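To start, the structure under review is shown below, and the notes come after it.
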Amino acid sequence: MIFTYRNRHNIIDKAVLNICSSQETTIHIWCCFYRLNACAIGPVRFFKVIRYTLGRLLSLIISLVIASLVIFSVIEIIPGDPASFMLGINAREDTLAALRSEMGLDQPLVVRYFDWVIGLLQGDFGNSWTYKTPVSELISDRIWVSLPLAIYALILSTLIAFPAGILAASRRGGASDVTIMGATQMGVAIPNFWFAMIMVLIFAIHLRWFSAGGFPGWSNPLQGIKSLTLPAISLALPQAAILARIMRSSLLDMLSEDFIRTARAKGLTRGQALWRHAVRNALIPVLTIIGLQFSFLLAGGIIIEQIFFLPGLGRLIFQAISARDLIVVESVVMLLVFTVIIVNFAVDIAYAAVDPRLRIKA
Amino acid sequence: MKPGLIIGSFLSIIFIGLAFFSFIWIPYDIEALEISNKLKNPNLNHWLGTDHFGRDILSMIMMGARTSIAVALLAVGIGVVIGVPLGLFSAARRGSFIDEVIMRGNDLIFAFPSLVIAILITAVFGPSAVNAIVAIGIFNIPVFARLTRAAALPLWERDFILSARVCGKSEVRISIEHILPNITNLMIVQGTIQFSLGILAEASLSYIGLGAQPPTASWGRMLADAQTLVSIAPHVALVPGLAILLMVLGLNLMGDGLRDLFDPRIKGDRT
């Protein structure tokens, strides 16, 4: 076990060195990490795929356990007693004690941790201390803003990045390549919340095409989508810039491969070789990045929701923090981390499934 | 030299220079409010205009540069001071159980959504520049640890390390005296990139009110203050945003340029 891990690390490390220190480093390291996670298995037999999946599953579970421990202990050291915060400074000692026991604060830490985790597993997030309603209800109301926003942004980012990356790679060194690469440099450097403000200024205040914020609900789907458009664009822009750069470099890697030369020798035009062979292969690493970006978008939505006054998870978490509603903070953060870890896991598995080098030979 | 490196260094030096210069002189005192003079467009007295309290925006930008640079630099410092030794140690004990634990721990931190955790940390410990530094710095640790390990591993196979071992040097001494000097370039490049990411992260945190607190000036909070004024006085929102954009752009270009400069084998136009 250790041996295979070590091997894998060495391969990953070599790849990390090759691509290190570009501004997409973190993402790139991820990319290589996933690419090589899969490659490291080598010529596959069925049991290796099973072992790979089980290995990823094990690390998924360990990640989730550690994540829950970290979140729980960070919340526990939060200064201030939530009971006295809720009842005010003039509360009587016995009232405080009653409330503490009602909220379960008088239980030992270990018991509270397990109560919390078992509750999470059963979909019971507990009751919010300030709203007096189940946290799961609060979350399920708001997830219908945050989730569509992240998906919308992901679609936009892909729609911008693919053509840009492909165009840049196919015209390498040309005017359109230089322009696109310059634009992606800008895109990576722009703070997305500032970009959001500029768009509000132009499209909401001056042109009046969109509203400057708020969310009318999904009763009219078109209105809902319209009000998520500006937030989604501002969320998508930096991700699109990163994705376009990765698309371009991945495609350039492919274009220098032997099979492209073979395709050309076979009589395909440059364009045909590009579309039929290079793009399809270049998509493999790009798809894993798209999976990873989803979690960036979900978390990044927290700030964008603040700007556009969207009633999503981000707003919920900020309100809960200021009201010392720890159970809501705990649950929302855990939910976000959980989603990210699950998406990463799914990307891992999908990668193994998609990469032709991993196809199971019967 | 590539134009990217020149432009990038130029932009970075301007902002770092502004930050240092603010210790000697700023055009106006940013703690003196002059409400009668509020929201003035850029003019001869106030080159970048004034904000809703009548404070000079150029002075605020200079003081804000100080905050941004300090937070991002210290966050990179945390990453280097903890991450590099971890990476060196991992590489020296490659394949051991400890190496495995360190690298797995790294993967785990990578798997966390950094913004959410940063918000959690600053929310729990109270918003302040120090907590922002810690929150950003934690996520720099795995970046430097992994890169250091990756760079150090091939060095351990080299002959000069073998001769150092024959001389009887310990793994610690070899790591410090032979491995470290050979990976410094790489760390400088990565440091530049993480520095620019740190500036963006600091701006985001202080934008949502979880960074440096008033009266300390910060670009992110200038933007937060400007949000409601954007229709009346666009310059209040444009200027800090442009400052962030130009500084981050400059650092990125500089990082890319330095990488090409240090390692001509890597073609700059590939990534």
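Naming: A, B, ... by sequence-line order, numbering from 1 per chain. Computed from a predicted structure; not experimentally measured.
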- [ ] Taking all heavy atoms of B:Gln227 and all of A:Met197, pick out the closest pair and write down the distance.
- [x] CA-CE, 3.7 Å
Task: Proximity breakdown for A:Ile190 and chain B, heavy-atom pairs closer than 4.5 Å - done: both
Open item on the list: So which residue, B:Leu242, B:Leu251, B:Leu258, ends up with the most heavy-atom pairs under 4.5 Å with chain A?
Closed with: B:Leu242
- [ ] List in chain and number order the residues that pass side-chain contact (heavy atoms from CB on, under 4.5 Å) with A:Ala196, two or more places apart in sequence or in another chain; answer none if no residue qualifies.
- [x] A:Ser234, A:Ile304, A:Ile307, A:Phe308
Task: Sidechain-backbone polar pair: A:Trp194 side chain, B:Ala237 backbone, donor-acceptor under 3.5 Å - done: yes
Task: Gap between atom CD1 of B:Ile208 and atom CD of A:Glu305 - 0.5 Å precision - done: 11.5 Å
Task: Partner set under side-chain contact (heavy atoms from CB on, under 4.5 Å) for B:Gln213, not counting sequence neighbours - done: B:Pro127
Open item on the list: Using the rule side chain to side chain contact (heavy atoms under 4.5 Å, CB included), only one of B:Leu249, B:Val248, B:Asn252 pairs with A:Met186; which is it?
Closed with: B:Leu249
- [ ] Name the member of B:Ile199, B:Leu200, B:Leu246 that forms the most heavy-atom pairs with chain A at distances under 4.5 Å.
- [x] B:Leu200
Task: chain B contact via A:Phe318 - which portion, at a heavy-atom distance below 4.5 Å - done: side chain
- [ ] Using a cut-off of under 4.5 Å on heavy-atom pairs, state which of B:Gly209, B:Ala203, B:Pro234 scores highest against chain A.
- [x] B:Ala203
- [ ] Determine the minimum heavy-atom distance between B:Ile244 and A:Pro191, stating which atoms define it.
- [x] CG2-CG, 3.5 Å
